[in-house]
Amino acid sequence: MQTLVTDRPEEAASWLDRGETVAFPTETVYGLGADAFNAKAVAKIFKAKGRPSDNPLIVHVATPERIGEVAAEISETARMLVERFFPGPLTLVLKKRDSVPEIVSAGLPTIGVRCPSHPVASEFLRYCRHPVAAPSANVSGRPSPTDWKTVYHDLGGRIACLLRGEPSAIGLESTIVDCSVNPPRLLRSGAVSIESLRELVPDIEIATSCKPGEAPKSPGQKYRHYSPEAEIVLVEAPQESLPLDPPAAWIGLAAPPAGATKSLQCHDMDEYARVLFGFFRACDAEGIRTIYCELPPDEGIGRAIRDRLAKAAGRG
Ligand code: TXA
Ligand code: MG
């Protein structure tokens with residue numbers, strides 16, 4: 001299959017409406033979309049990514065008003081979260097409408113819904129007839145793509161169309177909150193922090209899948225995720241001397257230790273989140289064997305960075 005690369009959201013949407021898969025930019029990571037009401041089209045996503053069929057997809061809507069097309073029920077808490085955080089990097093798990101094909105939710109009675117704030121994503125979604133089911137646009141098990149070239153590298157030849165945009169501004173996948181249970185539960189950390197969620201929902205619970213090292217509770221959390229080929233070593237505090245085994249790389253907020261073959265010192269946690277997955281990929285391309293990663297403070301987006309690092313190290 002030839003993959004058409006385009007800058008035009010309208011053209012990309014026309015492929016989607018014809019039952020094909022389309023990769024598109026969002027503010028978190030790039031997604032691989034299909035018409036959420038076309039089970040055959042959605043099956044193409046699982047095939048292109050090599051994704052296990054028991055891992056449900058997030059459905060993307062152009063505006064918060066369209067959540068009702070896929071969700072049967074929107075609780076009072078969910079409404080508050082929508083009001084405050086949509087459009088943006090937050091996914092809500094809600095009771096699913098029966099009309100949404102089972103393949104999207106992997107047989108679950110619930111559905112993840114998100115409304116991206118990225119202008120190109122919004123325009124694309126407005127042109128699409130239906131809401132768009134989309135996981136991250138990577139081959140399963142690899143780090144999520146944050147720029148279009150990486151999507152092309154992973155999925156070129158396996159998808160019909162790639163809508164090209166700027167690199168993703170956040171760089172980590174959306175925060176997921178399950179609002180189908182009471183109290184609501186945080187299933188995945190992201191740019192919408194637990195601190196800001198607690199301002200609105202003080203009794204929100206943190207699922208064990210969000211606590212690195214504990215057993216997974218939500219379907220997608222049980223798979224090895226976000227992983228580069230290189231071995232990941234987590235470093236709790238900045239260290240002057242690490243017993244580096246070259247070729248080794250360093251990423252973190254502190255200055256790199258002496259002897260690192262490749263390194264990236266981030267100015268703040270937002271930058272750390274934005275560049276992390278791209279750094280993993282660049283390390284693999286350069287044959288780095290070990291990547292030393294500084295664990296940032298466990299607050300704000302630092303919590304999401306720690307979660308992805310733990311998963312990449314095989315401990316999440
Ligand atoms: O930022 C994002 O969320 C990106 C962009 C493209 O929107 N998407 C993304 O999708 O990260 P994906 O498939 O890579 O991760 C979706 C996660 C999986 O861990 C899946 O198990 C979980 O969401 N999920 C989806 N529906 C769910 C449901 N009904 N209940 C619990 N977890 C659900
Ligand atoms: Mg993914």
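Remember, it's 1-based here, ligands and their atoms both numbered in the order they're listed.
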[X] neighbourhood, listing ligand 1 atoms whose heavy-atom distance to it stays under 4.0 Å:
{"X": "Ile176", "result": "17 (C), 22 (C), 23 (O)"}
{"X": "Asn55", "result": "18 (C), 20 (C), 21 (O)"}
{"X": "Leu108", "result": "28 (C), 29 (N), 30 (N)"}
{"X": "Gly31", "result": "6 (C)"}
{"X": "His60", "result": "5 (C), 6 (C), 7 (O)"}
{"X": "Leu187", "result": "31 (C), 32 (N)"}
{"X": "Ser174", "result": "1 (O), 2 (C), 3 (O)"}

Looking only at non-hydrogen atoms, the one of Ser136, Pro89, Ser180, Cys115 nearest atom 14 (O) of ligand 1 is Ser136
Select one of side chain, backbone, both or neither to describe which atoms of [X] lie under 4.0 Å from any atom of ligand 1, heavy atoms only.
{"X": "Asp178", "value": "neither"}
{"X": "Lys49", "value": "neither"}
{"X": "Thr110", "value": "both"}
{"X": "Lys96", "value": "neither"}

| request: Begin from the C-alpha positions of Arg126 and Glu10 and carry the test salt bridge (Lys or Arg N to Asp or Glu O under 4.0 Å) through to its verdict. | output: CA-CA 9 Å; Arg126 273 198 303 273; Glu10 190 173 5; over 6 Å; no
* Going by atom types alone, do Ser180 and Thr110 pair a side-chain donor with an acceptor below 3.5 Å? -> no
Please determine, by modelled atom types, if Thr150 and Asp147 share a side-chain donor-acceptor pair under 3.5 angstrom.
yes
Given side chains that start at C-beta, do those of [X] and [Y] come closer than 4.5 Å, heavy atoms only?
{"X": "Met269", "Y": "Glu299", "value": "yes"}
{"X": "Ile67", "Y": "Leu92", "value": "no"}
{"X": "Arg281", "Y": "Asp284", "value": "no"}

Report task. Measure up the Tyr152 and Trp148 rings against each other and bin them: parallel (under 30°), tilted (30 to 60°), perpendicular (over 60°). Result -> perpendicular
When every non-hydrogen atom of Pro246 is compared with those of Arg289, the smallest separation belongs to O-NH2, 3.0 Å
Practice task
Measure from the Mg ion (ligand 2) to each N, O or S atom of Ser136 and report whether any distance is below 2.8 Å.
Solution key: yes
Next on the checklist: Centre-to-centre under 6.0 Å for His60 and Phe24, is that the case here?
Outcome noted: yes
### Query
Mind checking whether Arg188 has an N or O less than 3.5 Å away from an N or O of ligand 1?
yes
